[in-house]
Amino acid sequence: MAMALTIQPARAEDARAVGNLAQQFAGYLRSLGDHTDSQLTAESYLRDGFGSQPAFGGLVAEAGGEVIGYLLYHFGHDSDAAALSLHIADLYVDSETRRRGAGKASIAREAGAREMIWSVYHANKLATTFYEKLGAQRIADVFFMKLRADAL
């Protein structure tokens, strides 16, 4: 019988577990061809997620007292829709404990957000299939760009 799954706000005490899961996620993405150097560690999680001006909020999924997944997010505003949106920065559930509902946990509705927005690595078919089954739609008419701040 599977252990009960709980979803709760991420805490500083979850740093080591989130850092370990983030490295698992980075390894999985590398196996798909994404060679981005992931910098999410226990230390960066604590530095950026806690303190006087946290850069993100988070949730963790636990089973048997062990963190098995995490969601990091921040809120934004869609000026075209004039509505609050929730931007998912990172979502990962340990591969051994998937299919138990952890990835469906959402705070967007409770916060009054109209929609959730996130990016998916193009080769991550497992995630794409999961999100599409939830009803997510691909946004084909826009793309992401980035520019290092020190390049300005």
Side-chain angles (χ1 to χ4, degrees), residues 1-78 81 83-139 142-144 146:
M1 177 178 240
M3 289 184 247
L5 178 73
T6 60
I7 307 294
Q8 62 188 28
R11 305 163 307 187
E13 296 81 29
D14 299 320
R16 184 177 308 281
V18 170
N20 289 340
L21 287 167
Q23 292 311 303
Q24 284 182 28
F25 187 28
Y28 169 69
L29 292 175
R30 274 192 299 280
S31 76
L32 298 176
D34 182 353
H35 297 290
T36 303
D37 184 21
S38 175
Q39 300 293 312
L40 181 55
T41 64
E43 294 77 18
S44 64
Y45 168 85
L46 288 170
R47 179 193 66 221
D48 298 337
F50 300 88
S52 62
Q53 291 186 309
F56 59 82
L59 297 173
V60 293
E62 290 186 356
E66 180 180 340
V67 175
I68 61 163
Y70 69 92
L71 167 75
L72 303 180
Y73 64 89
H74 57 89
F75 288 100
H77 187 264
D78 180 342
L84 183 68
S85 59
L86 183 132
H87 294 250
I88 297 174
D90 220 2
L91 168 63
Y92 182 72
V93 178
D94 180 81
S95 61
E96 300 296 319
T97 57
R98 291 186 184 144
R99 295 178 177 38
R100 296 180 52 196
K104 293 181 182 178
S106 168
I107 64 161
R109 194 171 325 141
E110 292 88 1
R114 181 174 177 181
E115 63 188 2
M116 295 184 296
I117 300 169
W118 63 96
S119 62
V120 179
Y121 183 62
H122 66 88
N124 194 346
K125 305 299 184 208
L126 182 68
T128 302
T129 300
F130 171 75
Y131 299 138
E132 287 175 342
K133 283 182 181 177
L134 290 177
Q137 301 170 339
R138 291 180 191 224
I139 303 171
V142 298
F143 55 90
F144 288 101
K146 71 177 182 178

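Small disclaimer: the values here were computed from a predicted structure and weren't measured.
Side chains of Tyr28 and Asp34: a donor-acceptor N/O pair is absent below 3.5 angstrom, by distance only. Side-chain polar atoms of Thr41 and Glu43 form a donor-acceptor pair below 3.5 angstrom.
From Phe75, atom CZ reaches atom CG of Leu86 across 5.0 Å, with rounding to the nearest 0.5 Å. One distance of note links CZ of Arg138 with CD of Glu132; it measures 5.0 Å at 0.5 Å rounding. Taking CG of Leu71 as the reference point, atom CG of Asp90 lies at 8.5 Å (rounded to 0.5 Å). A distance of 10.5 Å separates OG1 of Thr36 from CD of Gln39, quoted to the nearest 0.5 Å. To the nearest 0.5 Å, atoms NZ (Lys133) and OG1 (Thr128) are separated by 12.0 Å. Distance check, rounded to the nearest 0.5 Å: CG of Asn124 to OG of Ser119 gives 10.5 Å.
For Arg11, the salt bridge (charged side-chain N to carboxylate O under 4.0 Å, His left out) partners are Glu13, Asp14, Glu62, not counting sequence neighbours.
Results of the side-chain contact (heavy atoms from CB on, under 4.5 Å) test with Leu21 over Ile68, Asp94, Val93 single out Asp94 as the only residue that passes.
Between Tyr45 and Tyr70, the distance separating the two ring centers is not shorter than 6.0 angstrom. Tyr131 has its ring centre less than 6.0 Å from the ring centre of Trp118.
With contacts defined as side-chain heavy-atom distances shorter than 4.5 Å, the pair Leu91/Leu72 does not qualify. At a threshold of 4.5 Å between non-hydrogen side-chain atoms, the residues Val60 and Gln8 count as touching. Side-chain contact between Tyr92 and Gln24 is present, with heavy atoms from C-beta onward closer than 4.5 Å. A 4.5 Å side-chain heavy-atom check between His35 and Leu29 finds every atom pair outside the cut-off.
Between the Thr129 side chain and the Leu126 main chain, no donor and acceptor come within less than 3.5 Å of each other. In this structure, Ser85 contributes its side chain and Glu115 its backbone to no donor-acceptor pair below 3.5 Å.
Atom CD of Glu66 has 12 or fewer neighbouring heavy atoms from other residues, nucleotides or ligands inside a 6.0 Å radius.
The two residues Ser38 and Ala26 have their closest heavy-atom pair at CB-CB, 3.6 Å. In plain terms, the two heavy atoms of Leu84 and Gly76 that are nearest each other are CD1-O, 3.3 Å. Between Ala61 and Ile7, the closest heavy-atom pair is CB-CD1, 3.6 Å.
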